[in-house]
Structures are given as C-alpha cells and as structure tokens.
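Just so it is clear, the model here is predicted, and its values are computed rather than measured. Per chain, numbering begins at 1; letters A, B, ... match sequence-line order.
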There are 2 protein chains.
Amino acid sequence: MTQHDDNLPSYRLDPQVGFLLRRANQRHLAIFARGIPELTSTQFAALAKLCELGQATQNALGRATAMDAATIKGVADRLRKRGLIATAPDPDDQRRLTLTPTAEGRALYASQVPAAHAITAETLEPLSEEDRTTFLRLLEKLT
Amino acid sequence: MTQHDDNLPSYRLDPQVGFLLRRANQRHLAIFARGIPELTSTQFAALAKLCELGQATQNALGRATAMDAATIKGVADRLRKRGLIATAPDPDDQRRLTLTPTAEGRALYASQVPAAHAITAETLEPLSEEDRTTFLRLLEKLT
DNA sequence: CAGAGTCTGTTTGTATACGAACAATAATCC
DNA sequence: GGATTATTGTTCGTATACAAACAGACTCTG
C-alpha cells in the first residue's frame with residue numbers, strides 16, 4: 001500500500017479543495033469575460049440583483065451579492081459612472097444611499113441575460129445533466 | 001413600482017454557478033485566514049508547490065500554481081521579502097530566475113501542513129464523507 | 001432624555017488577478 | 001547565419017476583496 005513517512009509533511013497542493021475552487025473560479029471568470037465583455041462578473045451580479053430587487057441600499061446590495069461595504073462601494077461607483085445605476089439619498093435615514101438601476105442599466109441587463117445563461121451552461125458543460133444537479137447541490141452547502 | 005415584464009428572460013443571481021463558486025471560495029479563504037494567519041492562501045500555495053518541486057523558475061511556479069506572470073511576481077516578491085524563498089539567476093538562461101525555498105521557508109511550510117489539512121477538512125465539513133469525494137471529483141472537471 | 005451601542009457609508013492599506021505592452025534573451029527556421 | 005518567433009520577467013492600469021479605522025446618523029435602554 002502507500003508508504004507514509006511521518007517525519008516529512010505529506011501535502012500536495014493539486015488535490016486540495018481550495019486550489020480546485022480557485023481554479024474553477026478562474027475558469028468561470030474567463031468564460032464570463034468572453035461572454036459578457038461589457039461588464040465584469042461582479043458588476044453584472046450587482047446590476048442583476050439590483051434589477052431583481054428594484055432598488056436597494058448600497059450596503060444591502062452588497063450583502064445580497066456577498067460583497068463587503070468597501071467592495072460594493074467600488075462596484076457601485078463604477079456602475080454609476082457608466083450610467084447604469086443611479087444614487088439617491090434616503091429621506092428617512094440620512095446615512096443611507098438608495099441605488100436604482102437606470103433605464104440604460106435595465107436595458108443592458110435584459111440584453112445580457114441570455115449571455116449570462118450561456119455562461120452558466122458553458123461553465124457546467126464538462127458535467128453531465130445529472131452531475132450538474134449534484135454539483136450545484138453540494139456546492140451550495142459550501143457557501 | 002416594481003413590475004415584472006414577462007417578455008424579459010428570467011434570471012436569478014443566487015442559484016448561478018458563478019455566484020456559488022465565488023461564495024464558496026470566499027468561505028474557504030476566510031477559513032484559511034483563520035487557520036494560517038501567517039500567510040495568504042496564495043502565498044502558501046506558492047511556497048508549498050516550491051517545496052514540493054524543490055526549485056522552479058518564477059513563471060514555471062506560476063504555471064504550477066495557476067498564477068499568471070504578473071501575479072506570481074508579486075507573490076514571489078513578498079515571499080522573498082519575508083525570507084521564505086531565495087532567488088538566483090539561471091546560468092544557462094539569462095532570462096530566468098530560479099526560486100528556491102529557504103530553510104526558514106521549508107520550516108514554516110512543514111509547521112503549517114497540519115493546519116492546511118485542517119483547513120481542507122473544515123472547508124468540506126458540511127459534506128458527508130461520500131459527498132466530499134463526489135464533490136471533489138466533479139469540481140476537478142470544472143477546472 | 002442621555003449615553004451606549006449599532007449601523008451607514010467612506011477611506012486607507014495590502015493582496016490577489018489579469019490584460020497589455022515592453023526589453024532582453026533563446027529557440028527555430030529557412 | 002540571419003531573420004522570425006517564442007519565452008522570461010517587468011511594469012502599468014484596472015478591478016475585486018477584505019481588515020481596520022473613522023465620522024455621522026440612528027436605536028435602544030436605563
């Protein structure tokens with residue numbers, strides 16, 4: 001069987017979950033960049049969620065898209081600079097910034113939804129129909 | 001004011017592979033940072049692979065750890081600054097930089113291997129023994 | 001009501017990531 | 001053997017990520 005020397009640390013990088021997760025993510029991001037060159041994966045996520053919600057506070061949008069306050073600020077700034085979302089102060093809470101997708105933002109989002117589905121399909125393409133379901137079910141448990 | 005237009009293709013962010021991959025990766029990185037505060041996940045990967053290989057060219061180490069030339073440069077610079085790896089010019093090829101782990105680097109690596117295994121275990125902890133095998137098998141195909 | 005604590009958005013600093021362009025060097029080909 | 005091509009490492013610019021510290025605005029509690 002396999003010999004194990006207890007004096008030497010036995011560790012291989014390649015099969016570790018973390019390494020595989022990082023590479024799978026890299027592959028997905030490359031597919032995304034080819035599929036929707038107009039936006040980054042993160043920007044599309046924020047825009048999509050904002051269109052889904054209709055409107056949201058900046059930090060709330062960050063929570064909904066798994067970005068911390070500092071990250072969502074940068075993403076929101078770039079989307080606003082491109083005219084895809086608009087910012088308005090909340091009359092009920094002076095701290096809050098309410099974000100809303102602009103008509104242009106909604107249009108871009110709608111136009112890219114088919115591409116987004118294609119990206120998901122291409123990312124999962126190496127798996128059989130059945131394996132995709134299994135994979136997504138298990139992956140969801142690791143979030 | 002939110003209304004649903006049935007002409008638009010439906011899309012939800014939450015179940016998309018890309019979003020789940022990103023969040024699973026975030027969770028893993030948080031586990032890693034708690035488990036090995038001395039090094040980032042990327043730095044540990046580079047150090048581990050270099051210890052595995054004994055020595056490597058900078059770009060070759062990048063390829064072995066899935067980092068492009070610009071990324072591995074930054075990682076290698078930080079590891080060198082901390083005295084964990086050493087750099088030497090290749091006599092046979094003036095372009096190449098040969099990287100080698102220092103004694104300190106090997107010692108730190110060896111001391112953290114158990115923690116690294118624990119990180120992998122904790123990341124996969126939500127899955128049953130059988131599901132872990134399945135998940136890793138499928139994840140590997142998406143790399 | 002006053003003070004403690006919480007939440008909002010912001011800023012700074014560090015660390016991946018990657019595209020693109022670059023100079024120096026090697027390898028290849030005709 | 002000289003020109004073309006490829007590779008190596010570097011730099012620049014942009015975009016996530018996140019910790020930490022901050023000020024201002026709200027909330028809760030005593």
Nearest-nucleotide check on DNA chain D, A/T40 vs A/D92; residue mapping nearer the 5' end is A/T40

To the nearest angstrom, the CD-P distance between B/Q94 and D/dT7 comes to 19 Å

Within the pair B/Q58 and D/dT10, is there a side-chain N or O less than 4.0 Å away from OP1 or OP2? yes

Please tell me if A/S41 has a side-chain N or O lying less than 4.0 Å from either OP1 or OP2 of D/dT16.
no

Separation of D/dT16 atom P from A/L61 atom CG, nearest Å, is 13 Å

Query raised in the report: Do the rings of A/Y109 and B/Y11 sit parallel, tilted or perpendicular, given the 30° and 60° boundaries?
Result: perpendicular

Under a 4.0 Å heavy-atom cutoff, the residues of residues 68-90 of chain A touching DNA chain D are A/D68, A/A70, A/T71, A/V75, A/R78

Residue-phosphate contact under 4.0 Å: B/T42 side-chain N/O, C/dT16 OP1/OP2:
yes

*asked:* Determine whether B/D77 and B/K73 satisfy the following criterion, salt bridge (charged side-chain N to carboxylate O under 4.0 Å, His left out), listing intermediate values before the conclusion.
replied: CA-CA 6 Å; B/D77 283 352; B/K73 186 203 186 324; 2.8 Å; yes

| task | Just call it for B/T57: base, sugar-phosphate, or nothing, with non-hydrogen atoms closer than 4.0 Å on any strand. | result | sugar-phosphate

Between A/L39 and A/F32, the two heavy atoms sitting closest are O-CE2, 3.5 Å

In whole angstroms, the gap separating C1' of C/dT16 from NE2 of B/H28 amounts to 14 Å

- Has the side chain of B/R96 got a donor or acceptor atom that lies under 3.5 Å from a matching backbone atom of B/D90? no

Check every strand shown and say whether A/D93 touches a base, only sugar-phosphate, or nothing at a heavy-atom separation below 4.0 Å. sugar-phosphate

Nearest heavy-atom contact between A/L61 and A/L50 is CD1-N, 3.9 Å

Going by chain and number, the hydrophobic cluster around A/L97 (ILVMFWY, side chain to side chain under 4.5 Å) further includes none

Taken to the nearest whole Å, CZ/B/F32 to C1'/C/dA15 is 13 Å

Does B/R96 make a side-chain N or O approach to OP1 or OP2 of D/dT10 shorter than 4.0 Å? no

note: B/L97, atom CG; D/dG9, atom P; distance rounded to Å ~ 6 Å

Checking C/dT16, C/dG9, D/dT8 against the side chain of B/R95 (C-beta onward), the nearest is D/dT8

Whole-Å distance, B/L99 CG to D/dT8 C1', equals 12 Å

query = Does OP1 or OP2 of C/dT8 have a side-chain N or O of A/R63 closer than 4.0 Å?
reply = yes

Atom CZ of A/R22 and atom C1' of C/dC18 are separated, to the nearest Å, by 12 Å

Which of C/dT8, D/dT7, C/dA15 is nearest the side chain of B/Q43? It is C/dA15

| message | Is it the case that the side chain of A/T143 and the backbone of A/L139 share a donor-acceptor pair, with hydrogens and angles ignored and the cut-off at 3.5 Å? | response | no

Worksheet item: Any donor and acceptor pair, going by atom type alone, linking the side chain of B/R22 with main-chain N or O of A/T65 inside 3.5 Å?
Response: yes

Separation of D/dT16 atom C1' from B/L29 atom CG, nearest Å, is 12 Å

